[in-house]
Amino acid sequence: MYSCLMQERYDAAAVERAAQDYWERHDSFAAREDAGREKYYCLSMFPYPSGRLHMGHVRNYTIGDVVARFMRMQGRNVLQPMGWDAFGLPAENAAIANGVPPAAWTRDNIAYMRRQLRALGFAIDWRREFATCDADYYRWNQWLFLRMRERGIAYKKTGVVNWDPVDRTVLANEQVIDGRGWRTGALIEKREIPMYYLRITAYAEELLAALDELPGWPERVRVMQANWIGRSEGVELSFPYEADTRALLAARAADEQGALKVFTTRADTLFGVTFVAISAEHPLASAAAARDPRLAAFVDACRRGSTMEADVAAAQKHGMATGLHARHPLTGAPIEIWVANYVLMAYGEGAVMGVPAHDERDFEFAQRHGIAIRTVVKSAGGAYERVGDQWQREYAEDGVLVESGEFTGLSSRAAIDAIAAALQRRGLGCKRVQWRLRDWGISRQRYWGCPIPLIHCEQCGEVPVPDDQLPVRLPEDLVPDGSGNPLARSAGFIHCQCPTCGRPARRETDTMDTFVDSSWYFLRFACADQSHSPVDERAHYWLPVDQYIGGIEHAILHLLYSRFWTRAMRDLGLVTLSEPFANLLTQGMVLNHVYYRAPAEGRRQYLNPAEVEPQFDAAGVRVGAVSLIDRQPVEYGGLGTMSKSKNNGVDPQTLVERYGADTARLFMMFAAPPEQSLEWSDEAVQGQHRFLRRLWKAVFDHVAAGPAPPLDVASLSSRERELRRQAHQALAKVTADIARRRTFNTAIAAVMELLNAVGHFQAGVQDGDVNARAVRQEALQIAVLALSPIVPHICHSLWHALGHGGAVIDERWPEPDSAALSQAMVELIVQVNGKLRGRVRLPANATRQQAVDAALAEPAVQRFIAGKQVGKAIHVPDKLVNLVV
RNA sequence: GCGGACGUGGCGAAACCGGUAGACGCAGCAGACUUAAAAUCUGCUUCCUUAAAAGGGAGUGUGGGUUCGAGUCCCGCCGUCCGCACCA
């Protein structure tokens with residue numbers, strides 16, 4: 001008998017080894033295409049191989065694993081793959097710090113993290129594993145890029161980057177700290193360089209509209225994406241240049257369209273324009289700066305600092321007049337042109353019209369610089385007559401036009417149409433749709449990424465690498481030192497022959513944004529061994545991903561790029577689907593306490609929570625801590641995302657070694673629902689471990705007396721029927737919580753309740769009570785099956801211990817028995833005026849009359865209705881009666 | 001600044017469709033077992049009032065509103081977190 005093999009003590013390490021050996025021996029998680037079975041593709045966002053798993057990974061992959069194992073027990077043909085998002089900046093940083101080539105560092109990390117993932121017992125089909133730095137994968141990035149380039153989806157234009165003038169290198173936003181280079185401390189400049197872009201804006205309309213057809217996505221993510229894409233309808237209009245501006249541009253032989261283009265959603269305020277503002281990167285700004293040293297200095301100052309939009313938007317708004325003018329498109333009045341640091345070159349035309357009376361930002365700008373404020377819209381509700389000295393929200397609202405020539409008296413809405421029509425007649429404007437979304441710049445001046453497959457030939461210009469010469473392999477032995485891209489100094493990489501004319505030529509040294517790598521890896525998992533094309537028919541079987549799981553921080557960029565890239569591949573005839581992810585779960589962050597010391601000078605020093613002893617005030621609130629190393633006080637900085645920079649990470653490895661993978665998994669799933677942030681707690685981890693020991697002990701005690709007799713439902717006592725009801729109720733709850741709600745924490749709580757009920761039930765059972773043993777066997781089986789997706793190792797052992805020859809992984813998920821669930825009597829609560837005043841027990845499905853009569857007869861209730869007239873009685877069947885007096 | 005979310009006991013949370021606020025767990029307290037400790041088991045544990053119990057009252061960041069009834073819906077405010085295009 002299996003129970004003889006069971007030892008009394010729960011030994012997590014031995015249990016986990018046994019289960020993992022079994023799965024490996026039976027190749028349990030190999031996914032095979034089978035047209036006769038309904039597939040289920042469960043995917044967690046692949047990790048960046050940073051060195052070791054962090055808690056966020058454990059959480060992400062446990063959620064995915066629970067869903068995958070649950071769906072498998074539901075009978076679906078499940079694919080759960082894993083790979084590595086292996087290109088990126090940290091590998092270069094490690095190279096700079098340690099002199100190790102990024103390739104070697106990355107592959108070592110992958111080897112270590114793969115062992116960690118295996119130790120956690122995830123049901124992954126490892127045969128499909130790949131890393132994005134494998135040439136077998138990134139060759140298809142290159143191939144797809146070339147197809148997009150042929151179709152004009154990929155095109156070249158200039159873009160703005162952070163330039164470190166000391167290291168003479170382009171920096172990522174992350175490498176710019178307070179406007180200075182992270183290594184050199186030099187003030188960063190914005191610099192324009194040629195780059196490749198992907199025309200995601202051509203898909204903007206479709207990407208926006210299709211959000212409505214993604215019911216399996218969280219509302220908040222769909223809203224964020226819609227706002228990010230940002231469709232706005234408005235008017236594009238031209239302010240013709242005045243003579244002064246024309247003369248200047250002519251002298252510089254500069255571009256001459258003869259007019260400054262702007263886009264506005266508020267064309268109704270056109271007569272209130274008292275200035276136009278252009279970005280410091282606008283060509284007109286450099287032209288004006290060339291003849292005005294003060295303006296040149298201002299433009300220069302605008303060029304310093306970060307390119308990040310958040311920084312730009314939060315910065316103090318500055319501006320300076322150029323002395324140049326444009327003409328109002330309808331009145332012909334001269335309008336002064338200003339340079340302003342809050343105007344973004346990347347959005348719209350890099351120029352905006354300034355209407356101080358009806359736009360808050362323009363209002364502030366005009367007040368600071370003494371620019372006139374012209375009221376041209378009066379609120380329809382009469383909230384104001386004329387714009388005053390203090391900004392009020394009503395100023396920006398729609399209304400009726402005043403002092404606007406022939407348009408005076410029109411409503412804002414009608415005025416926009418009329419003014420657009422008037423502009424169109426003059427050839428100075430038209431209605432159009434503007435997107436907030438910008439095309440996706442994919443060129444990176446970095447080594448550790450996928451080479452862009454282009455060759456520069458003096459004779460032939462820019463030539464694509466022919467397909468039969470792909471992949472353009474990235475040399476893996478270079479070590480970046482922080483001063484520019486080492487590819488540019490690698491003779492072996494750079495020198496090549498022009499594919500067209502055969503003359504010596506130079507290879508492109510820019511690599512692709514790593515978001516390219518992650519924009520289609522989910523397709524490649526379907527057919528990772530395919531060497532003739534990026535995808536094949538197996539992708540038709542597995543895609544779309546049925547459940548995608550990843551951090552909320554990816555809610556916009558990665559998910560939007562993947563949606564776009566999938567459509568681009570569709571338009572290249574490679575796949576038929578448009579949306580890659582049918583259902584999305586965005587997990588919350590993993591948080592821990594932050595402790596630090598703030599020296600008088602220099603940066604904060606963060607201490608790991610494991611190195612401090614927290615201190616609490618009288619109310620039990622955490623106020624500070626003492627270092628365990630030097631016994632000196634430490635500041636408490638609240639809760640923060642686990643991160644290297646705050647030194648508040650907890651190593652999953654230690655956790656797994658001390659308590660086992662099942663405890664780690666259980667804690668992660670129990671501490672919070674998956675979409676919420678999760679707080680680390682050492683004590684709670686111990687609590688989860690305790691629960692597993694209790695579960696183990698309960699099964700051990702049960703099986704110690706030998707096999708359980710068969711269940712005879714007809715002969716059960718009321719206590720036994722009650723335990724059956726609790727078991728099947730728990731099963732129904734777990735099923736709904738995992739399948740529909742994805743609230744694993746409440747699913748676990750339901751099984752905990754069941755186990756508590758088994759314990760209480762046990763206390764009143766006589767030895768040798770056959771029915772009691774049969775009912776308890778059923779309850780424990782339900783507990784083990786229900787927990788098996790979450791803590792699969794211990795359940796593997798317990799299932800055998802309960803007398804089953806097969807593996808729990810191959811069991812079907814049971815259906816709750818509706819007969820076991822039914823109850824003869826139910827409790828109704830009785831409220832008086834909405835306040836709880838009593839309870840009554842009634843047969844299930846009692847009528848309204850029965851319920852109200854019982855409520856009125858209840859003594860506890862009568863005290864509150866005595867002497868009063870019961871006016872109305874609300875009855876919710878089997879739930880409550882509310883008496884209104 | 002813009003966009004999105006969240007706010008419930010000492011703590012993590014639960015309350016799924018507007019119907020018993022605090023399930024489940026952590027920490028704490030008391031007891032059992034033990035020479036002792038650990039482990040384990042049992043019980044208690046939102047606050048106020050009361051010696052205690054019974055009973056009553058208050059209570060889901062905050063101020064209003066809708067409703068027979070609001071943690072849940074609506075409006076305002078305060079606070080915290082995430083994203084903002086070269087971190088992944």
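Residue numbers start from 1 in every chain, and the chains themselves are labelled A, B, ... in the order their sequence lines are given, proteins ahead of strands. Everything numeric here is computed off the predicted structure, so don't read it as measured data.
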| message | From CZ of A:Arg9 over to P of B:rA38, roughly how many Å is that when rounded to an integer? | response | 20 Å
| said: Just the rounded figure in Å: distance from P of B:rC41 to NZ of A:Lys697. | reply: 8 Å
| query | With no hydrogens and no angle check, do the side chains of A:Asn173 and A:Thr307 hold a donor and an acceptor under 3.5 Å apart? | reply | yes
| request: Would you check if the distance from the ring center of A:Phe700 to the ring center of A:Tyr10 is below 6.0 Å? | output: no
| Distance in angstrom units between A:Asn745 CG and B:rG12 C1', rounded | 10 Å
| message | For B:rU50, give the paired nucleotide (Watson-Crick: N1-N3 plus N6-O4 or O6-N4; G-U: N1-O2 and O6-N3; both under 3.5 Å), or none. | response | none
| message | Of the listed nucleotides (B:rC68, B:rA13, B:rA88), which one gets closest to any side-chain atom of A:Val884? | response | B:rC68
| Side-chain contact, heavy-atom cut-off 4.5 Å: A:Leu208 with A:Tyr203? | no
| task | Just call it for A:His554: base, sugar-phosphate, or nothing, with non-hydrogen atoms closer than 4.0 Å on any strand. | result | base
| request: Pull up the glycosidic torsion of B:rG9 and say syn or anti, syn being anything within 90° of 0. | output: syn
| said: For a quick check of understanding: with a heavy-atom distance under 4.0 Å over all strands, which category does A:Ser677 fall into, base, sugar-phosphate or nothing? | reply: sugar-phosphate
| field | Under-4.0 Å side-chain N/O to phosphate OP1/OP2 contact, A:His689 with B:rU40 | value | no
